[in-house]
Novice: 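Before we start, here is the structure in question, set down as structure tokens.
All values below come from the heavy atoms of this structure, side chains included, with hydrogens, waters and symmetry mates left out. A, B, ... follow the sequence lines: proteins, then strands. Residue 1 opens every chain.
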Amino acid sequence: MADFLTKKEDNYAQWYNDLVIKADMAENSAVRGCMVIKPYGYAIWEKVQSELDRLFKQSGHVNAYFPLFIPKSFFAKEADHVEGFAKECAVVTHYRLRNNKDGRGIEVDPEARLEEELIIRPTSETIIWNTYKNWIQSYRDLPLLINQWANVVRWEMRTRLFLRTAEFLWQEGHTAHATKNEAIEETKTIINLYEHFAQDFMGIPVLKGYKSDSEKFAGAVDTYAIEALMQDGKALQAGTSHFLGQNFAKAFDVRFTDKSGELQYVWSTSWGVSTRLIGALIMAHGDNNGLVLPPNLAPVQVVIIPIYKGNTQLDSISATALKIKSELEKSGLRVKYDDRDTHKPGFKFAEYELKGVPVRLAIGPRDVENGTAEVARRDTMEKEVISLDKVTDHVTGLMTDIQKNIFSKSLAFRDKNTFRIDDWDEFRNTIENKGGFILAHWDGTAETEEKIKNETKATIRVIPLDNETEDGKCIYSGKPSKQRVVFARAY
RNA sequence: CGGGAUGUAGCGCAGUCAGGCUAGCGCACUACGUUCGGGACGUAGGGGUCGGGAGUUCGAAUCUCCCCAUCCCGACCA
């Protein structure tokens with residue numbers, strides 16, 4: 001396992017800090033567990049955003065934006081939903097400040113109390129359904145396929161950089177459908193889209209399935225999820241897609257007239273992924289030299305570094321480098337030429353490794369003379385000298401290779417850390433000492449699930465879709481079971 | 001919210017137990033010079049209300065009380 005995950009390495013702070021810093025307001029800090037995402041970390045998020053957005057639009061979705069504030073009363077309308085989120089809401093109670101009586105500092109003006117408190121959205125179902133009510137009258141208004149890019153706030157007891165911050169960026173889709181089947185299809189379409197994105201863009205293999213009742217989203221009929229395995233053996237829920245049935249439609253009275261003139265409640269879904277994905281990227285692929293980014297999401301795919309003494313050398317090297325840069329860009333690559341003379345080559349090498357740039361080209365006087373460049377790949381740290389006329393093809397090929405290699409490395413890791421277990425002691429022992437995914441039989445009851453969680457901290461991550469049936473006995477209760485489910489300790 | 005730990009320069013830390021030189025070290029930063037194919041070296045510099053407030057004392061980073069924040073372990077969660 002990479003040392004950075006245990007926070008033992010010196011450079012952990014350094015390269016983590018390169019992406020993000022934890023908000024730290026100087027005095028009486030109330031900004032607890034919030035992130036400042038620095039430009040490089042944000043550039044990765046922007047890549048995630050643009051690729052996902054493209055996929056959403058391909059499947060017929062459009063973007064919109066809804067208010068940050070949600071009246072408290074909206075929350076009370078769906079019973080499970082309020083129960084799920086009530087404990088972690090930030091609440092706005094006043095709308096004005098005034099000068100302190102003693103003339104020093106400011107205080108909340110007690111006269112300016114809001115008649116109804118506003119909740120800072122922890123998720124937008126309620127305000128969106130309150131709005132949809134007015135948008136949906138007829139079957140002709142359906143389906144409504146809307147996504148929102150936004151920030152949300154959840155006042156978690158305990159925060160964790162990237163994985164669980166008090167404020168986070170995400171996308172949340174909220175769709176309305178005329179039929180139950182269509183809504184279920186939408187839920188599946190999206191979880192498949194997330195799976196595709198995780199595996200083919202992020203290079204992270206995921207298990208796809210649905211959640212047990214106790215792990216479901218508050219207010220959902222069914223929750224589908226993708227689960228990834230991190231290098232420390234813990235599972236990370238990387239994306240969820242919820243079939244909400246008619247729960248929110250009934251809570252917010254969203255009805256439409258169908259083709260036969262009858263009034264019906266709509267069927268709905270919601271789904272989302274967050275900046276947690278950046279955390280997944282870090283923990284799934286990172287090594288002791290820093291980040292390892294999959295080419296499909298790397299803000300910079302190729303960095304070119306000149307090695308030179310003096311300006312004369314730099315000029316001739318730059319001419320070569322810029323030519324290569326434009327060739328690479330012509331074949332669609334994101335390229336950076338770093339000719340800063342304030343840092344030495346060795347420093348730059350280390351810096352871009354820290355940032356996870358997939359391929360590095362180094363060009364020095366020797367290369368100019370021989371018509372070559374040194375090509376180094378981040379995932380394997382291998383270097384080779386390539387002649388300039390072949391460089392573009394070679395690097396283009398490397399992008400595909402690296403993308404594949406990162407994925408298969410993660411897949412091999414997951415396979416190595418996935419265990420089929422039928423014995424309770426072995427189950428406990430594996431969870432405690434090895435981590436990873438455990439495929440085990442479960443009797444299907446919430447009681448058993450709860451007991452396993454209490455004794456081992458392992459939860460059912462997913463009940464895999466398209467699971468093969470198999471007769472067996474519950475790992476804990478010994479009662480009969482028809483299929484294996486996936487257990488793990490999770491973030 | 002319970003148990004434990006921590007808070008000193010941008011980052012990482014020593015000093016606190018046992019109060020007392022002008023509050024230190026490494027990295028980073030600035031200037032000049034030499035360097036430049038794997039995180040350069042030398043010389044000279046800059047940067048601190050020691051998390052905040054109150055108290056004890058001739059004297060507080062150090063002792064006492066209160067508050068705030070962070071990290072780890074629980075409960076909660078994308």
Novice: Flag yes if more than 12 heavy atoms outside A:Glu83 fall under 6.0 Å of its CD atom; otherwise flag no.
Specialist: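 Counting neighbours around CD of A:Glu83, 12 or fewer heavy atoms of other residues, nucleotides or ligands fall under 6.0 Å, so no.
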Novice: Taking pairing as Watson-Crick or G-U wobble with both contacts under 3.5 Å, can you name the mate of B:rA69, or confirm there isn't one?
Specialist: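 Base-paired to B:rU6.
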Novice: Just how far, in rounded Å, is P of B:rC77 from NE2 of A:His81?
Specialist: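 After rounding, the reported distance stands at 13 Å.
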Novice: In whole Å, I'd like the distance from the CG atom of A:Leu52 to the C1' atom of B:rA78.
Specialist: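 Answer to the nearest Å: 14 Å.
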Novice: Taking CG in A:Asp389 as the centre, count heavy atoms belonging to other residues, nucleotides or ligands within less than 6.0 Å. Is the count above 12?
Specialist: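 Yes, the 6.0 Å shell around CG holds more than 12 heavy atoms from other groups.
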Novice: Write down the partner of B:rG45 under the Watson-Crick or G-U wobble criteria, each distance required to be under 3.5 Å.
Specialist: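 With both distances under 3.5 Å, B:rG45 matches B:rC29.
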Novice: Quick one: side-chain contact (heavy atoms from CB on, under 4.5 Å) partners of A:Ala235, sequence neighbours excluded?
Specialist: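 Expected list: A:Glu227, A:Phe437, A:Arg461, A:Ala488, A:Ala490.
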Novice: Between atom NZ in A:Lys216 and atom C1' in B:rA78, what is the gap in whole Å?
Specialist: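 One finds 17 Å between C1' of B:rA78 and NZ of A:Lys216, rounded.
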Novice: Check the surroundings of atom NZ in A:Lys72: do more than 12 heavy atoms from other residues, nucleotides or ligands lie under 6.0 Å from it?
Specialist: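 Atom NZ in A:Lys72 is not packed in, count stays at 12 or less.
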Novice: Calculate the interatomic distance between A:Ile304 atom CD1 and B:rG37 atom P; express it in whole Å.
Specialist: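 After rounding, the gap between these two atoms is 19 Å.
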Novice: Please determine whether any donor N or O and acceptor N or O are separated by less than 3.5 Å between the side chain of A:Glu353 and the base of B:rG38.
Specialist: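 Such a pair is found, so the answer is yes.
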Novice: Can you tell me how far C1' in B:rG10 sits from the matching atom in B:rG47, rounded to whole Å?
Specialist: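 Their C1' atoms lie roughly 10 Å apart.
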Novice: Just checking A:Leu163: base, sugar-phosphate only, or nothing, at a heavy-atom cut-off of under 4.0 Å?
Specialist: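 Base contact - A:Leu163 has a heavy atom under 4.0 Å of at least one base atom.
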Novice: Need one value for A:Asp367: base, sugar-phosphate or nothing, where a base atom within 4.0 Å counts as base even if backbone is also close, heavy atoms only.
Specialist: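 The answer is base, as A:Asp367 lies within the cut-off (heavy atoms under 4.0 Å) of a base atom.
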Novice: Using atom C1' in both nucleotides, what's the gap between B:rG59 and B:rA5 to the nearest angstrom?
Specialist: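 One C1' to the other, the span is 30 Å.
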Novice: Watson-Crick or G-U wobble partner for B:rG74, using a 3.5 Å limit on both distances?
Specialist: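 Its partner is B:rC1 (Watson-Crick or G-U wobble, both distances under 3.5 Å).
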Novice: What is the base-pairing partner of B:rC58, counting Watson-Crick and G-U wobble geometry with both distances under 3.5 Å?
Specialist: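 Answer to the pairing question: B:rG20, which forms a Watson-Crick or G-U pair with B:rC58.
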Novice: For the pair A:His81 and A:Phe75, name the ring-plane relationship: parallel under 30°, tilted 30 to 60°, perpendicular over 60°.
Specialist: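 Rings of A:His81 and A:Phe75: parallel, under 30°.
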Novice: Taking only side-chain N and O atoms of A:Lys344, does any of them lie within less than 4.0 angstrom of OP1 or OP2 on B:rG37?
Specialist: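 Answer is yes, contact under 4.0 Å.
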Novice: Choosing from B:rG39, B:rA78, B:rC77, which nucleotide comes nearest the side chain of A:Arg276?
Specialist: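 Ranking B:rG39, B:rA78, B:rC77 by closest atom to the A:Arg276 side chain puts B:rA78 first.
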Novice: Between A:Ala362 and A:Gly84, which residue's closest nucleotide on RNA chain B lies nearer the 5′ terminus?
Specialist: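 Closer to the 5' end of RNA chain B: A:Ala362.
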Novice: What integer number of Å spans the P atoms of B:rC76 and B:rA40?
Specialist: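 Between the two P atoms, the distance is 49 Å.
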Novice: Assert yes or no for the condition that the ring centre distance of A:Tyr224 to A:His242 is strictly below 6.0 Å.
Specialist: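 Not under 6.0 Å, so no.
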Novice: Counting any heavy atom closer than 4.0 Å, what does A:Gln171 reach on the DNA or RNA strands: base, sugar-phosphate only, or nothing?
Specialist: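 Since no nucleic acid heavy atom lies under 4.0 Å of A:Gln171, the category is nothing.
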Novice: How far does the P atom of B:rC27 sit from the matching atom of B:rA69, given to the nearest Å?
Specialist: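 Pairwise P distance, B:rC27 against B:rA69, rounds to 35 Å.
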Novice: Just name whichever nucleotide pairs with B:rG39, Watson-Crick or G-U, keeping both distances under 3.5 Å, else none.
Specialist: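 Answer to the pairing question: none, since B:rG39 forms no Watson-Crick or G-U pair.
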Novice: Please state how far atom CZ in A:Phe168 lies from atom P in B:rC76, giving the value in whole angstrom units.
Specialist: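 Whole-Å distance recorded here is 18 Å.
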Novice: When rounded to the nearest Å, what value does the distance between C1' atoms of B:rA61 and B:rG51 take?
Specialist: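 Those two atoms are separated by 12 Å.
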Novice: Return the value, rounded to whole Å, for the distance between atom CD of A:Glu351 and atom C1' of B:rA40.
Specialist: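 Checked: the CD to C1' distance equals 16 Å.
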Novice: By the 4.0 Å heavy-atom rule, please label A:Gly364 as base, sugar-phosphate, or nothing.
Specialist: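 Here A:Gly364 touches the bases of the nucleic acid.
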Novice: Which residues pass the salt bridge (Lys or Arg N to Asp or Glu O under 4.0 Å) test with A:Lys188, not counting sequence neighbours?
Specialist: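 Checked A:Lys188 against salt bridge (Lys or Arg N to Asp or Glu O under 4.0 Å); zero matches.
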Novice: If you measure from the C1' atom in B:rC13 to the same atom in B:rG19, how many Å do you get, rounded?
Specialist: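 The answer is 22 Å between these two C1' atoms.
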Novice: Can you list every side chain to side chain donor-acceptor pair (under 3.5 Å) pair that touches residues 314-323 of chain A, not counting sequence neighbours?
Specialist: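 Qualifying pairs, neighbours excluded: A:Ser318-A:Tyr337.
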Novice: Strictly below 4.0 Å, N to O, side chains only: are A:Lys47 and A:Glu51 in salt-bridge contact?
Specialist: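 The answer is yes: the pair qualifies as a salt bridge.
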Novice: By the ring-ring contact (aromatic ring centres under 6.0 Å, His included) test, which pairs, at least two apart or in different chains, include something from residues 353-372 of chain A?
Specialist: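 Qualifying pairs, neighbours excluded: none.
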Novice: Is any side-chain nitrogen or oxygen of A:Lys453 closer than 4.0 Å to OP1 or OP2 of B:rC76?
Specialist: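 Indeed, a polar side-chain atom of A:Lys453 lies that close.
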Novice: Using the closest heavy atom to pick a nucleotide of RNA chain B for each, name whichever of A:Ala376 or A:Ser274 lands nearer the 5' end.
Specialist: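 So the residue in question is A:Ala376.
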Novice: Output the residues of residues 306-319 of chain A in contact with RNA chain B, where contact means a heavy atom of the residue under 4.0 Å from an atom of the strand; sort by number or write none.
Specialist: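 Output list: A:Ile307, A:Tyr308, A:Lys309.
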Novice: Between B:rU62 and B:rU8, how many Å separate the two P atoms, rounded to a whole number?
Specialist: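 Comparing P positions in B:rU62 and B:rU8 gives a spacing of 14 Å.
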Novice: With rounding to whole Å, what would you report as the distance between B:rG26 and B:rC67 at their C1' atoms?
Specialist: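 Their C1' atoms lie roughly 33 Å apart.
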Novice: So does A:Asp338 pair up with A:Lys336, basic N to acidic O under 4.0 Å?
Specialist: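 Answer for the salt bridge query: no.
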Novice: Going by an N to O cut-off under 4.0 Å, is there a salt bridge joining A:Lys348 and A:Glu353?
Specialist: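 Salt bridge: no.
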Novice: Applying a 3.5 Å limit to both distances, which nucleotide forms a Watson-Crick or G-U wobble pair with B:rA14?
Specialist: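 Across any shown strand, B:rA14 pairs with none.
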Novice: Looking only at side-chain atoms of A:Ala350, point me to the closest of B:rG39, B:rA78, B:rG37.
Specialist: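 Ranking B:rG39, B:rA78, B:rG37 by closest atom to the A:Ala350 side chain puts B:rG39 first.
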Novice: What integer distance in Å separates A:Lys457:NZ from B:rC73:C1'?
Specialist: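 Whole-Å distance recorded here is 7 Å.
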Novice: Provide a list of protein-nucleic acid N or O atom pairs under 3.5 angstrom, restricted to nucleotides 28-34 of chain B.
Specialist:
none

Novice: Using whole Å, report how far CZ of A:Arg461 lies from P of B:rC77.
Specialist: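 After rounding, the gap between these two atoms is 11 Å.
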